[in-house]
Number of protein chains: 2
Amino acid sequence: MSNSSSTADDILVCARALITAGGYNGFSYADIAEVVGIRKASIHHHFPSKVDLVRTLVLRYREDAKAGFAALERTASDPRDQLANYVSYWEKCITDASDPFCLCALLASELPALPPAVAVEVRLHFETLSAWLTSAFERGAALGIFRLSTAPRAEAESFMATVHGGMLSARAHGDPKLFGIITTALLNRLSN
Amino acid sequence: MSNSSSTADDILVCARALITAGGYNGFSYADIAEVVGIRKASIHHHFPSKVDLVRTLVLRYREDAKAGFAALERTASDPRDQLANYVSYWEKCITDASDPFCLCALLASELPALPPAVAVEVRLHFETLSAWLTSAFERGAALGIFRLSTAPRAEAESFMATVHGGMLSARAHGDPKLFGIITTALLNRLSN
DNA sequence: GACTCTCTACCTATCAATAGGTAGATGAAC
DNA sequence: GTTCATCTACCTATTGATAGGTAGAGAGTC
């Protein structure tokens with residue numbers, strides 16, 4: 001019943017959860033094999049090396065993120081709503097534990113030790129996210145919706161830092177609701 | 001020339017840098033052996049298992065953090081200055097690469113996969129940090145120095161999230177100065 | 001329809017390297 | 001002699017990976 005795209009996808013889904021829980025070195029092909037129900041050697045058929053696997057995963061993640069940003073811009077025209085919806089997306093993921101931590105944020109924490117081919121993709125994700133957030137702040141300022149106390153890029157980086165830090169704190173305290181508490185304050189500041 | 005406290009300390013110092021770079025599973029006794037200049041087996045004399053090693057490291061880190069909070073309270077009476085000095089401490093560490101990421105924050109990111117004996121200590125560190133920051137916000141509010149838009153605990157958690165997120169962003173972008181940019185905005189908000 | 005070839009997706013068996021770890025020996029210091 | 005801190009030699013388990021293989025599906029040819 002498994003077809004090719006399904007097995008490779010299963011592998012990627014599994015790898016994502018394992019990385020999000022324990023980092024690049026915290027999982028092995030054997031772990032995936034157990035979850036997906038195939039042998040370790042078969043994973044090599046789809047992903048010849050661990051680097052290939054994780055790099056593919058990050059590339060997919062980046063594509064999905066770009067699609068997500070585009071969707072945010074279609075579903076709300078007000079940049080404040082776009083940012084709020086971005087945060088709501090993560091709050092839902094964290095609260096229902098479907099995706100409790102940004103893959104690239106997790107990998108970024110161990111960036112010095114990542115294989116270069118993976119590291120470069122993780123950096124690119126941060127650049128994309130930063131650029132999108134910056135553009136949201138720029139648009140909001142141009143429309144008079146936001147009054148920025150610093151440059152749009154700095155606002156964007158602060159916003160991003162708070163979101164990622166909120167994920168970390170929710171995890172550290174074992175309290176998913178904490179992400180919402182932290183980001184509510186963040187979003188409230190956008191309304192002042 | 002090596003004495004017992006020096007070798008064990010060397011091991012801990014080395015382990016800290018390795019964990020901070022690549023997480024709990026990103027280093028091995030062999031890595032430490034190479035840096036410290038002893039055999040892998042000798043490390044077991046000082047730390048019988050990897051869990052013992054990392055747990056000892058986190059305990060030490062927590063002691064140092066408590067001492068640091070006490071020092072911050074001695075060297076400045078104004079809670080705003082205490083928070084600013086806390087941030088300055090990290091900015092210096094990140095900028096001169098002496099300690100570019102909070103050990104417990106790094107370990108917190110992979111908390112689900114940590115050995116329980118280590119995980120509990122990491123959580124305790126977050127509780128201690130959160131309590132100290134909360135007390136700073138409470139004192140600042142009581143003295144009329146801060147006007148809080150949310151409860152002191154929420155302010156503290158937001159502050160912490162931004163600091164940790166700033167570390168992450170600096171690392172992800174490969175730009176240590178970014179931590180300062182993010183935290184300057186954070187501290188400026190304390191002055192309003 | 002039967003046969004052949006190619007492809008896909010899986011497998012077993014195996015490997016080298018590495019991981020955390022153990023036990024006993026050795027030498028230095030007291 | 002005892003203690004401490006190191007070592008060698010070795011262990012089991014696990015890791016990412018390789019080589020060779022099987023089985024079934026699909027397409028093309030007769």
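Below, chains carry the letters A, B, ... as their sequence lines are ordered, and counting in each starts from 1. All values below come from the heavy atoms of this structure, side chains included, with hydrogens, waters and symmetry mates left out.
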Short heteroatom pairs, N/O only, protein and nucleotides 15-20 of chain D, under 3.5 Å:
unit_1  : atom_1 : unit_2   : atom_2 : d
dT15(D) : OP1    : Ser28(A) : OG     : 3.2
dG16(D) : OP1    : Phe27(A) : O      : 3.4
dG16(D) : OP1    : Lys50(A) : NZ     : 3.2
dG16(D) : OP2    : Tyr29(A) : N      : 2.8
dG16(D) : N7     : Lys40(A) : NZ     : 3.0
dG16(D) : O6     : Lys40(A) : NZ     : 3.3
dA17(D) : OP2    : Lys50(A) : N      : 2.6
dA17(D) : N7     : His44(A) : NE2    : 3.2

Among all residues two or more places apart in sequence or in another chain, which pass the side chain to side chain donor-acceptor pair (under 3.5 Å) test with [X]?
X: Thr128(A); value: none
X: Lys177(A); value: Asp175(A)
X: Arg60(A); value: Asp9(A)

Round to a whole Å and report the spacing from [atom1] of [X] to [atom2] of [N].
X: Asn25(B); N: dT18(C); atom1: CG; atom2: C1'; value: 13 Å
X: Ile32(A); N: dC10(C); atom1: CD1; atom2: P; value: 13 Å
X: Glu34(B); N: dA19(C); atom1: CD; atom2: P; value: 10 Å
X: His46(B); N: dC4(D); atom1: NE2; atom2: P; value: 12 Å
X: Arg39(B); N: dT8(D); atom1: CZ; atom2: P; value: 5 Å
X: Ile43(B); N: dA19(C); atom1: CD1; atom2: P; value: 11 Å

For Tyr61(A) and Cys104(A), the nearest pair of non-hydrogen atoms, with its separation, is CD2-SG, 3.6 Å
Expected list for residues 106-122 of chain A near DNA chain D, using heavy atoms below 4.0 Å, is none
The side chain to side chain contact (heavy atoms under 4.5 Å, CB included) partners of Ala65(A) (sequence neighbours excluded) come to Phe69(A), His125(A)
Taken in chain and number order and not counting sequence neighbours, the residues that satisfy side chain to side chain contact (heavy atoms under 4.5 Å, CB included) with Ala185(B) are Thr150(A), Ser158(A)
With sequence neighbours left out, the residues meeting salt bridge (Lys or Arg N to Asp or Glu O under 4.0 Å) with Asp99(A) are Arg16(A)
Residues pairing under side chain to side chain donor-acceptor pair (under 3.5 Å) where one sits in residues 75-84 of chain A, two or more places apart or in two chains, turn out to be Gln82(A)-Arg139(A)
